[in-house]
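Structure record follows, encoded as structure tokens.
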Amino acid sequence: MVNIFLFQSKKLSSQIQQQKVTYQHEIRKYENNMNQMKARLNQILADKNPDKKIANISPSSLLQRNSKQRGKWKTGSVAKSCVEEMYSSVISSYENRCQTVMKEILEYQNGLEYIQRQIIETLSFFSVSMSF
């Protein structure tokens, strides 16, 4: 009976020790990953030169196409339509922004007029009360 308890206690202690070792390994792995990320972040933050860009490689050849056709070359007409589309989107976003700014300006003007009226009413109230 005592042998069974000793065997089970040794078995449990070995399992606990194995779990401890695996947890320590995972902690070291996560710490290394965190240190790599910190180093990368510091490298990005330290890079003040706007001409240097971080390479962002996107594997466009791996993208699946619905129409089993190859991509076509961008010719002058296609590039021109893309440029025109870009200009039209820029202009429309500019116009939308101008409209929102004009609405904000009108709201500010209305608020200032309200404040001005309140100040005039308050001053007139004090001037009337001071005359009595």
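Keep in mind that the numbers below use all heavy atoms, side chains included, and drop hydrogens, waters and symmetry copies. Remember, predicted model here, so these are calculated numbers, not experimental data.
Hydrophobic cluster membership for I115: I119, L123 (Ile, Leu, Val, Met, Phe, Trp, Tyr linked by side-chain heavy atoms under 4.5 Å, directly or transitively). Summarising the hydrophobic clusters (Ile, Leu, Val, Met, Phe, Trp, Tyr; side-chain heavy atoms under 4.5 Å, direct or chained), the residues clustered with I91 are none.
Crowding of E104 atom CD: a count of heavy atoms from other residues, nucleotides or ligands under 6.0 Å exceeding 12. Counting non-hydrogen atoms of other residues, nucleotides and ligands closer than 6.0 Å to CE of M34 gives a total above 12. Atom CE of M37 sits in a sparse spot, with 12 or fewer heavy atoms from other residues, nucleotides or ligands closer than 6.0 Å. Few gaps surround CD on Q118; more than 12 heavy atoms of other groups in view lie less than 6.0 Å from it.
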Worksheet item: Should Q109 and L112 be marked as a side-chain contact (heavy atoms from CB on, under 4.5 Å) after you check the CA-CA gap, both sets of side-chain angles, and the distance that decides it?
Response: CA-CA 5 Å; Q109 284 177 345; L112 287 173; 5.7 Å; no
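Atom-to-atom distance recorded for L12:CG and S14:OG is 7.5 Å, nearest 0.5 angstrom. In this structure, L6 CG and K11 NZ are separated by 14.5 Å, a value rounded to the nearest 0.5 Å. Interatomic distance, T100 OG1 to R97 CZ, rounded to the nearest 0.5 Å: 4.5 Å.
Residues R117 and Y114 have side chains in contact (heavy-atom distance under 4.5 Å, counting atoms from C-beta outward).
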Could you list the donor-acceptor pairs under 3.5 angstrom formed between side-chain atoms of residues 15-31 and any protein atom two or more places apart in sequence or on another chain?
residue : atom : partner : partner atom : Å
T22     : OG1  : Q18     : O            : 3.3
T22     : OG1  : Q19     : O            : 2.7

